[in-house]
Amino acid sequence: MAKNYLTEREGQIAFFNNFRIDYENNPVLIDNTDGVWKGNILEFKLNITNLNKVVFQTIKYLSKMRIKGEAVPANILIVDLNQEICYVYHSQDYFEDIHKVYIGGASTNNENFTAGNYREKIDYSTQEGSLRVLQLLQENNYMKIKIDENCIVGWAERYYKEHPHANKGDFLGDETGKIKVKGEIREPKYFKEYILPFEDTTNERFKYLMGVLNDRLNKKELGAFYTPMLYAEKACELVKMAIDRVPEGNDYIILDRCSGTGNLEQAIINKLGDDVASHIICSTFEYYEYKVLLERIGDKVKAIIPPTEENVIYSNGCVLNADALSKDYINNPIIKSYVDNPECSIILFENPPYHDESSNSQGNQARTRNISYVKEEMKKEIKGNASNDLANRFIWSAFKYYLRQDTDSYILFSPLKYWKSQSLVNKKFVKGYLFNRKHFNATESGVGCVFWKNEEDKTNEISLEAFNICDDELKLDKNITVKKVFNTPAKLFDKRKEDNYIAYMNCSGFNLSNDSRSLYRTNTVKGHGSCFYVYPDVYLEKLPLFVAKLYPQDNWFEKDVIYTTTDKGDAYKEDEDFLMKCLIYACLTNQNKCLSFTDNNGKYYNNELCFDKDTLASKELEKYELNDDENEVINLWNSILTEIKTHPEYNANLRYGTYQINEEINIYTEINDGRRKERRYKYPDLNGNLDSLGTKLKDYYKKYIAPKMFEYELLK
């Protein structure tokens, strides 16, 4: 007798219960599938009208599982819930389809697929059929997949997670060179039930992924650096300009001390030709990248350091004599013969790895001992913590050891802080670009690509063309003016230590990261020495320092480019309208974490930086004539205050700000149905109004506050 389930979920749960699939205590509902149980992937439909479409949907799920480094079940079970029919397919029959990459939702655009015949059709309303389905659900077999560039990262991440002491050599291996290692992908042991042996003799196929294939320790120590080819080729325009500066009669070399698998070098080959490429000297510290580099461009460039594998000094996955920050490398006779030749011009063309080594844990000192030389030499000349940054060591050592003449050049990929805030480079700017770091296997932000002449210069402003990559083409987003910064917000911190403070604030440093901003009111100071107390007599003039940190960076070309400063001092505090607008924003933003509360000793602390009744901020607001946009925002806030007073969580003794409302009244239950997490709010109208307030505040900031922030150089 046919069933009559009204929802797929209802039938799915009934199926799980009937066939003893413990979905509540096991990860069954994964990867947006209808269920994975042992060696089976399940797909449920109330009524199946087109098996082809359903099979293709399941194939897309299996493709994504392969790419993520998850075992691909051998059985595909497609279940018609109301007819109680289970169609059995084998993943192996769709091997090639599973190895394709699919874009978009798995349930869409499935009309043109032909699945072919199923292996079994089981009526599980019968005893015999139920037994057969139970037997299938006990099978724990998997289809062995091919390793390729689409899935290699997923399987590498899984391997390092399950084997935390393993390294890239253990996973990739390579049998062609001095250090011969089979590697997991070539001779599977841990994954022998899931993957086929990788048959390529080298790792050249993964040349664009070698940085992200490092184990986590290598990623930290080396810094993941990968240069998209479109950006590398654009940068070749700057290389050509540098070559044109070489004095007539001079030879030149193009030096790249951190070339990875050679994207910059390949770009030169593509755009400037083999003749220019024959001037390249390059190196990379990571052994498996070195192997790819040799194979990829070894016959095109002047030299790779070291020139052959026989010259390699190998240690724990690294080429020690290719460590660009060691004394031996600086004195490398091949490079030094050109550096010491006054009739040879030096062009550095590099994308140095960026990593702050002050965050390194102890251990693995054998790996890091060779990078200490440049660091120690740099510390003798550069004050502060700039020498902790790996990229800065490359930059400093470039000018210290390699660039000697005015006609020498440096084309440098790097976040701009080395020039903008650290003044590590004070050279003549020629031309530059800003690129989206998203395409470097990283998060969205601006990465500079700048051509510096080796001439002293004190310019405080440069202009960069900001290029994004869209549909495999370069797109000019806009021209960006980048300005140097000199004074952090800490210059205007209040140094008093009195008991009558109303909050404490952290807005230190130049950057706009989340951990560089906070505004609290508790009975103990959280954070560190960069916090300062906010007092009733000056709170209005201090709030803009906090508000500056909340600038909404909607565009990639603003991130790591716009900093907070006090380069114009406190000139802003004479602008009463600006102060009031910062007050409105600061008191309504959820980033203001001031609370009203009673401590363990029974002492009450009032939140004075909110627009509840009888606070310092609300009394100040009463003196101010609101414009139309401000009236709209304040009216919305008042409606929020009115609503919370109707809810049992409200405490009439407290004065509420947005943060405290979200924490204590705008409560929710988190629902997890196995596919996705969802918040179910107790008071959806309240939550909607709070969301609307956040949106309106963002618009308010951009319209009224941001222009003044830049005018007063609180943002720069």
Side-chain angles (χ1 to χ4, degrees), residues 27-43 54-78 88-106 110 113-116 118-119 136-163 166 168-175 181-210 212-215 288:
V28 177
L29 299 171
I30 61 173
D31 297 317
N32 294 315
T33 69
D34 283 349
V36 174
W37 184 252
K38 298 186 178 179
N40 304 274
I41 184 170
L42 298 112
E43 182 62 32
V54 184
V55 172
F56 195 26
Q57 179 179 347
T58 311
I59 285 170
K60 290 180 180 179
Y61 289 138
L62 295 175
S63 168
K64 290 180 180 179
M65 291 172 68
R66 178 187 80 94
I67 291 169
K68 291 170 67 175
E70 297 173 1
V72 172
N75 294 329
I76 300 171
L77 306 185
I78 295 176
V88 182
Y89 294 83
H90 288 177
S91 299
Q92 190 66 41
D93 295 339
Y94 305 97
F95 184 87
E96 295 299 330
D97 297 298
I98 291 170
H99 282 76
K100 296 176 182 177
V101 178
Y102 301 97
I103 306 300
N110 295 335
F113 184 78
T114 302
Y118 44 77
R119 293 297 187 110
L136 287 168
L137 291 171
Q138 294 306 308
E139 292 184 3
N140 210 13
N141 301 320
Y142 298 88
M143 185 192 84
K144 294 183 180 181
I145 60 95
K146 289 191 302 187
I147 293 292
D148 60 21
E149 59 271 29
N150 296 312
C151 71
I152 185 71
V153 174
W155 285 94
E157 289 291 333
R158 176 175 176 177
Y159 184 76
Y160 299 137
K161 182 178 180 180
E162 296 178 8
H163 305 88
K168 187 194 287 188
D170 299 326
F171 178 67
L172 283 180
D174 191 317
E175 293 188 280
V181 179
K182 279 281 187 183
E184 178 66 18
I185 65 170
R186 290 181 166 81
E187 191 175 80
K189 296 177 181 176
Y190 301 106
F191 295 150
K192 64 182 179 181
E193 302 297 327
Y194 311 134
I195 70 173
L196 296 167
F198 182 68
E199 296 181 351
D200 290 13
T201 57
T202 73
N203 297 315
E204 201 271 342
R205 185 170 184 174
F206 309 128
K207 56 182 176 287
Y208 300 126
L209 300 168
M210 295 298 283
V212 293
L213 289 176
N214 282 317
D215 58 275
Y288 291 95

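Being a predicted model, the structure only gives us computed values, none of them experimental.
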With respect to Tyr89, which candidate in Leu77, Ile41, Val55 satisfies the side-chain contact (heavy atoms from CB on, under 4.5 Å) definition? Val55
Report yes if the side chains of Met65 and Val36 come closer than 4.5 Å at any heavy-atom pair, otherwise no. yes
To the nearest 0.5 Å, atom CD of Glu70 lies from atom CH2 of Trp155 at 8.5 Å
Between Thr33 (side chain) and Gly35 (backbone), is there a donor-acceptor pair under 3.5 Å? yes
Lys100 NZ to Ile67 CD1 distance, which is reported to the nearest 0.5 Å: 13.0 Å
Once rounded to the nearest 0.5 Å, what's the spacing between atom NE2 of His99 and atom CG of Leu62? 11.0 Å
Pi-cation contact, Phe56 with Lys60 (under 6.0 Å, within 45°): yes
Donor-acceptor pair, distance only, cut-off 3.5 Å: does the side chain of Arg186 make one with the backbone of Gly173? yes
Pairs flagged by salt bridge (charged side-chain N to carboxylate O under 4.0 Å, His left out) wherever residues 188-199 is involved - sequence neighbours left out: none
For Tyr142 against Ala71, the heavy-atom pair lying closest together: CD2-CB, 3.5 Å
Look at the rings of Phe171 and Tyr159 and say which category their plane angle falls in: under 30° parallel, 30 to 60° tilted, over 60° perpendicular. tilted
Phe95 versus Lys144, closest heavy-atom pair with distance: CE1-O, 3.3 Å
Distance (rounded to the nearest 0.5 Å) between Ile76 CD1 and His90 NE2: 9.0 Å
Closest non-hydrogen contact found for Leu137 with Trp37 is O-CD1, 3.3 Å
Does the side chain of Leu172 come within less than 4.5 Å of Ile185's, by heavy atoms? yes
Quick check for you: to the nearest 0.5 Å, what is the distance between Asn75 atom CG and Lys38 atom NZ? 12.5 Å
Residues forming a side-chain hydrogen bond (donor to acceptor under 3.5 Å, both in side chains) with Asp93, sequence neighbours excluded: Arg119
Indicate yes or no for a side-chain donor-acceptor contact from Asp148 to the backbone of Cys151 under 3.5 Å, with no hydrogens or angles considered. yes
Could you tell me whether a side-chain N or O of Tyr61 sits under 3.5 Å from a main-chain N or O of Leu42, the two making a donor and an acceptor? no
Quick check: does any side chain N or O of Arg66 sit under 3.5 Å from a backbone N or O of Lys146, one acting as donor and the other as acceptor? yes
Before giving the answer on salt bridge (Lys or Arg N to Asp or Glu O under 4.0 Å), spell out for Arg158 and Glu162 the whole-Å C-alpha distance, their side-chain angles and the decisive distance to 0.1 Å. CA-CA 6 Å; Arg158 176 175 176 177; Glu162 296 178 8; 2.8 Å; yes
Is the count of non-hydrogen atoms from other residues, nucleotides or ligands lying under 6.0 Å from Phe113 atom CZ greater than 12? yes
Between Ile98 and Ser91, the two heavy atoms sitting closest are CD1-O, 3.6 Å
Measure across Ile78 and Val54 and return the closest heavy-atom pair with its distance rounded to 0.1 Å. CG2-CG1, 3.6 Å
Shortest non-hydrogen contact from Asp97 to Tyr102? O-OH, 2.7 Å
